[in-house]
Amino acid sequence: MSYHFNKIEEKWQKYWAKNNTFKAQNPPLSGEKEGAPKYYVLDMFPYPSGAGLHVGHPLGYIASDIYARFKRHKGFNVLHPQGYDSFGLPAEQYAIQTGQHPAVTTENNIARYREQLDKIGFSFDWSREVRTSEPDYYKWTQWIFIQLFESWYDQEAEKSRPISELVELFSSEGNTRVNAACDEDTESFSADEWNRFSADEKERILLKYRLTYLAEAEVNWCPQLGTVLANDEIVNGVSERGGYPVIRKKMTQWSMRISAFAERLLQDLNKIDWTESLKESQRNWIGKSVGAMVEFPILSFPKGEEKPGPGYMTGGNNAHLLLEKARENRNKPTEAEKTLWHNLRNKSLGYKFRQQHLIDDFIVDFVCLSKRLVVEVDGGIHDLQVETDEQRTKILESQGFKVIRFRNEELIGDIEAVLERIKTNLAEQPAIREKVQKAPPSGAGGIKVFTTRPDTIFGVTFMTLAPEHDLVQKITTPEHREEVEAYIEASAKRSERERMADVKTISGVFTGAYAKHPFTGESIPVWIGDYVLAGYGTGAVMAVPCGDQRDHDFARHFDLPITNIFENVDVSQEAYAGKEGTVIANSDFLSGLEYKEALNKVILELEKTGHGYGKTNYRLRDAVFSRQRYWGEPFPVYYVNGLPKMIDLEHLPLRLPEVEKYLPTETGEPPLGNATDWAWDTKNNKVVSNEMLKKVQHDRSNRDVTPSAVEGSQDNGVYPLELNTMPGWAGSSWYLFRYMDAGNPDRFVSEEAQKYWENVDLYIGGSEHATGHLLYSRFWTKFLHDRGWLTVEEPFKKLINQGMILGESAFIKRIGFNLAKSFTERLTKEEEEKYGILQGKYEIIDNIYFSSDVVDILKVSKSKPETEEELRMEETKNNILLPFYTEISKDIAENGLKNKVQPVGFFIKTYKTHVPVQFVLGNKLDIENLKKEENIYKDASFVKNEKGEFLVDCEVEKMSKSKYNVVNPDEICKDYGADTLRMYEMFLGPLEQAKPWNTAGITGVHNFLKKLWKLYHDGDEFSVSDDKPSAESLKTFHKTIKKVTEDIEEFSFNTSVSTFMICVNELTAQKCNSLEILEPLAVLIAPYAPHIAEELWEKLGNSNSVSTAAYPEYEEKYLVESTKNYPVSFNGKMRFTMELPLDLSKDEIEKSVLADDRTKNKLDGSTPKKIIVVPGKIVNIVI
RNA sequence: GCGGGCGUGGUGGAAUUGGUAGACACGCUAGACUUAGGAUCUAGUGCCGCGAGGUGUGAAGGUUCGAGUCCUUUCGCCCGCACCA
């Protein structure tokens, strides 16, 4: 009986579906699964595109499926679900073109995907399928959004907390001491002020703290797509999708405060098992850099007003800097400080303590304000401050504070004693009322810069601001205004792309303003230049031409001074960016110091003088969360008085409205602006018609106009809904948790289910999501963890990126020719013009294609054919081309061209076109079928080579419809079977590596499966014997178990397929037919080729699915050998092998080797210098 | 420029702690069989050489009894980030 894979595969796919074979159990576990450990294997769910799957898509799914099946055999309760990331652009674009509702397109595409997936025999638990575009799913996406809105980030505790707690803090102490992630422009206020604010004012302030917030921000606007894009959706300055240009634009948008999580996202990379390259991508994206924030006071103001005196920047003005410094310190406490804080916080000793608190010009480590007790810890990272400590104490005491000090060792050594002393002091101090200290507004009067090289501060010779910098308008002097305005306008016009493409052109203008060097007091000119990015750091740089190449270039271009502050380094030609091993010079108190010393010293000095502080900066920006699209999750948001309000959970999901057109409205609103029913009735909690809105609200762009502001209007409780939708990554950021408890109507995932499944043990998908999906998903997981909805902080424990499968494109060639006067001479331009032909252009011969080797012959053009071979080639060329030439020359016969120019030669150019790969076998084209199936080639002629073949050119490219190189897995399944496809995809090479697909090679794997089938059959009959297997077969089999198991565990699927091949080859040679081997062999191979394994398993007399069988155990005893075939090398080169018993001692081995004739022959009478014997391994003789 | 990764036959790729380089497969060559097929089987196949033998993992050097593997230098390719201060 031969191997009828189609029948077998259909049979088992039906069986699995009918019996729910791969359904994962949620706790409490019962039956066979009782007590089984869990394992969660997840694939990145696909976006169901209209093109369907090609053979590249299932690669990762096959790998994860093999692993999932393997884990089931090993006794795990395996969760292996699949679903669809079904919101997205293509369905919407299709809707715009055809009017077909995206939901319909999506549904159709999903059906096709499912059909294709089912044919490959995956062991997905489809009962848990999720679709991000289903209201039951996006209800919870909306819910998570609301939770983000209802949360703020406590940087002290490093976690997200409910916004209600922040409100409480504000009303008791204002915002000056709260260390929360917030907008940069947040102003400080006291508790009294807060309590006096109106409800709307409070809301506006809270928006600056919420983890998702509405703010006017510079966004990446893509006019062609009509939407904003997140940073990770832009590649090289153009949109990732479509490649359209992107410009900067100010818009009010929802954003996600992911920047608050930067440090955690960075640190926790160390906890997860991802590839180094991927972690590196994330690290790059987060872009942490450590340095200092420095403020340069502005010296000269326009109109000559406010001429600042020498004491312009005084202590009082620096308070905001110190406050920021205090925040920094709180974020990186020393071990000792942590320990102490742990014991002081939350009124542990009966009184409220504060950490890193600002008192006048000092930051103290801990203070109990009500008892006026300061607790200082010496040593650790703040030990540079030691010299000023005495002075501090004096000043603090003069203000009525008592200061007690501890050393690190005391804290770590005996915390109890320390606490005891603090308690005693607390008891002794009289209680007073806390005094609220108000910080001055941030950014008062200076240019703040971030620098990673504060040690080079004495090398500053000018400053540069980004053209968009806020201060530019304020500081530009009248004489320079015109020039500055012109420059700003010019640089605003340049798209991001242009700016990037042209990094070499140096441009900038002087503002006329000067800043004051914080240490030397010198005046420093302030310039603007577009090499400074508004979006990074503060949008301003202190320019150190001697230490930074860009600053150097700028200085040289505008003839600005270049001060050298490095000892023994020449900076006249280029900047010196090295750090280690250089000594700073010309730098006052930094002179003579090396990089590290100088860095520490200057930061200390900056902090002491209040001109700056040590600071860590991140490149990671908050993520824009609004998209001007239809096919996405609607925001559960309506607006009252221009302020966003959330719809209660019980009224979710807020369903997408129907619209007539999927394009933006005429007034430029997002597509949802076309909806006629898109207003929220807060009294009845439902979506109602826009008619219900007050007139003034119809203009939704005018969010700030309140109904009450319009005379005569009354608030009927109906408000406009948000018109934007969420981006693609919203739904995919948490889907892994939904699978754990899909369909739960009460929670996004139940506590029990999440606690049991925890997070994903193995995640497989493409590397294109390195900075998008994977970062956002980590962010949401951390957030949900902080707020107590998840027990885990990371979504994916282990992650593997499968490599892309590339397609082999085939090209067929046409030629264009240009005739020549002789073998070496072309027609001149003049001649071509005169005769009115060809015009220097190559005349393409349409509809005639040439076998690629024929073209190669045609192309050869010798200056003058000398050999007969060359002459023959030229003749061939003429013979082929002359008819076309004659054809063309008819038209020009009147010009008498023929008489004047003899077409003795042709210059040839080839033109290649993609030809569908399904008509190519190897590199030969199946012309007949091509003509039959592809209309455009119906009447084409094909010029074959001498052997009568038509050869194509092949090239490896990404698989895509437009390149006609897509290989459809359905076709492969039909022709070779799913098991063959699965094994072949694995056999192609290492999972993570990109590799070209080559259908021709599939026969090797297919033949292997046939051989496997044959092992269980005698002729046409199924036949397996009860005979004991031979020792040899047992050895073969156990060797295979060992290797395959190791390989699966290391995700080295390609080598395990080889191992199976070797095993079956050997068993076949051994004529092994024994049940004792063939039965467990079927289990061993089941993860790879499940259909054939099930069929054989059933034929062996089993009634349940092979997937329930235990994985075969490898036994060492079958592999024990008594002899070893020793390789004998001379000077490290292997010459021959020698069979020797394994129990021989070193000396005995040496003796036997030396006694061998081949050794004697090699030695040729001489004595070996040295003999190395590694028992069980090798013998090496040194001559 | 910075960071990560990779260079092995005609092709995809194997090679454990440094221990027989090229497993397995495609392709190719020759042969067998045959109611001609995209079938099956046998043998061969890194390169040079009839052979003995020599040579060989991008290149050069080093460590070692022994290097595809470790170290140094260098060349090439791929990926990520990028006027990031």
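So you know, we letter chains A, B, ... as the sequences are listed, proteins then strands, and number each from 1.
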Hey, are A/T1055 and A/S1058 close enough side-chain-wise for a donor-acceptor pair under 3.5 Å? no
Sticking with atom C1', work out how far B/rG46 lies from B/rG27, rounded to a whole angstrom. 15 Å
What integer number of Å spans the P atoms of B/rA15 and B/rG7? 12 Å
Calculate the interatomic distance between A/F1053 atom CZ and B/rG13 atom P; express it in whole Å. 17 Å
Just label B/rG9 as syn or anti from its O4'-C1'-N9-C4 or O4'-C1'-N1-C2 angle, using within 90° of 0 for syn. syn
Under a 4.0 Å heavy-atom criterion, the protein footprint on nucleotides 18-26 of chain B, written with B, S and -, is -BBS-BBSS
A/N1131 CG - B/rC65 P separation (whole Å): 12 Å
Specify the residue among A/V541 and A/A994 whose closest nucleotide of RNA chain B lies further upstream toward the 5′ end. A/A994
For B/rC70, which nucleotide in any strand shown is its Watson-Crick or wobble partner with both distances under 3.5 Å? B/rG62
Just checking A/F554: base, sugar-phosphate only, or nothing, at a heavy-atom cut-off of under 4.0 Å? nothing
Whole-angstrom distance between B/rU42 and B/rG19, as gauged at atom P: 33 Å
If you measure only the distance, is there a donor-acceptor pair under 3.5 Å linking the side chains of A/N617 and A/K288? no
For B/rG10, the Watson-Crick or wobble counterpart (both distances under 3.5 Å): B/rC26
Length of the CD-C1' vector between A/E1046 and B/rA14, whole Å: 15 Å
The side chain of A/P990 is closest to which nucleotide in this list: B/rG13, B/rC84, B/rG80? B/rG13
Interatomic distance at C1', B/rU20 relative to B/rU57, whole Å: 16 Å
Reckon A/Q993 touches a base, only the sugar-phosphate, or nothing at all at heavy-atom distances under 4.0 Å? sugar-phosphate
Checking all strands, does A/R1135 fall into the base, sugar-phosphate, or nothing category for heavy-atom contacts under 4.0 angstrom? sugar-phosphate
Take the protein atom CZ of A/F1130 and the nucleotide atom C1' of B/rG53, then report the distance between them rounded to whole Å. 15 Å
Separation of the C1' atoms in B/rG5 and B/rG49, to the nearest angstrom: 39 Å
For the pair made of NZ in A/K1010 and C1' in B/rG37, what is the distance, rounded to whole Å? 11 Å
Is there a Watson-Crick or G-U wobble partner for B/rC41 with both distances under 3.5 Å, and which nucleotide is it? B/rG31
Applying side-chain hydrogen bond (donor to acceptor under 3.5 Å, both in side chains), run through A/Y536 and A/S289 and close with a yes or a no. CA-CA 11 Å; A/Y536 183 76; A/S289 47; 2.8 Å; yes
For B/rG80, give its Watson-Crick or G-U wobble partner with both distances under 3.5 Å, or none. B/rC2
Taking CZ from A/R453 and C1' from B/rA85, how many angstroms apart are they, rounded to a whole number? 11 Å
Nearest-Å distance once atom C1' is located in both B/rC47 and B/rG56: 7 Å
Does the side chain of A/R550 get closer than 4.0 angstrom to OP1 or OP2 of B/rG1 through an N or O atom? no
Check the angle between the aromatic planes of A/F462 and A/F554 and answer parallel, tilted or perpendicular using the 30° and 60° thresholds. parallel
Across all strands, who's sitting opposite B/rG46 as a Watson-Crick or G-U wobble pair, both distances under 3.5 Å? B/rU55
Using the P atom in both, what is the distance from B/rA36 to B/rG22, to the nearest Å? 40 Å
Can you check whether A/R619 has a side-chain N or O nearer than 4.0 Å to OP1 or OP2 of B/rA85? no
For A/Y531 and A/D551, test the side chains for any donor-to-acceptor distance below 3.5 angstrom and give the result as yes or no. yes
Among A/F987, A/F1060, A/F1008, find the residue that satisfies the ring pair (Phe, Tyr, Trp, His ring centres under 6.0 Å) test when tested with A/Y1088. A/F1060
Would you mind reading off the distance between A/R283 atom CZ and B/rG4 atom P, rounded to a whole angstrom? 10 Å
A/E1116/A/K1042 ion pair, N-O < 4.0 Å: no
Mind calculating the distance between NZ (A/K288) and P (B/rA82) to the nearest angstrom? 20 Å
When the P atoms of B/rU64 and B/rC71 are considered, how many whole Å apart are they? 16 Å
Within the pair A/K1170 and B/rC65, is there a side-chain N or O less than 4.0 Å away from OP1 or OP2? yes
Just by modelled atom types, is the A/L269 backbone N or O under 3.5 Å from a matching donor or acceptor in the A/K279 side chain? yes
State whether the side chain of A/E295 and the backbone N or O of A/G612 hold a donor-acceptor pair below 3.5 Å, judged by distance alone. no
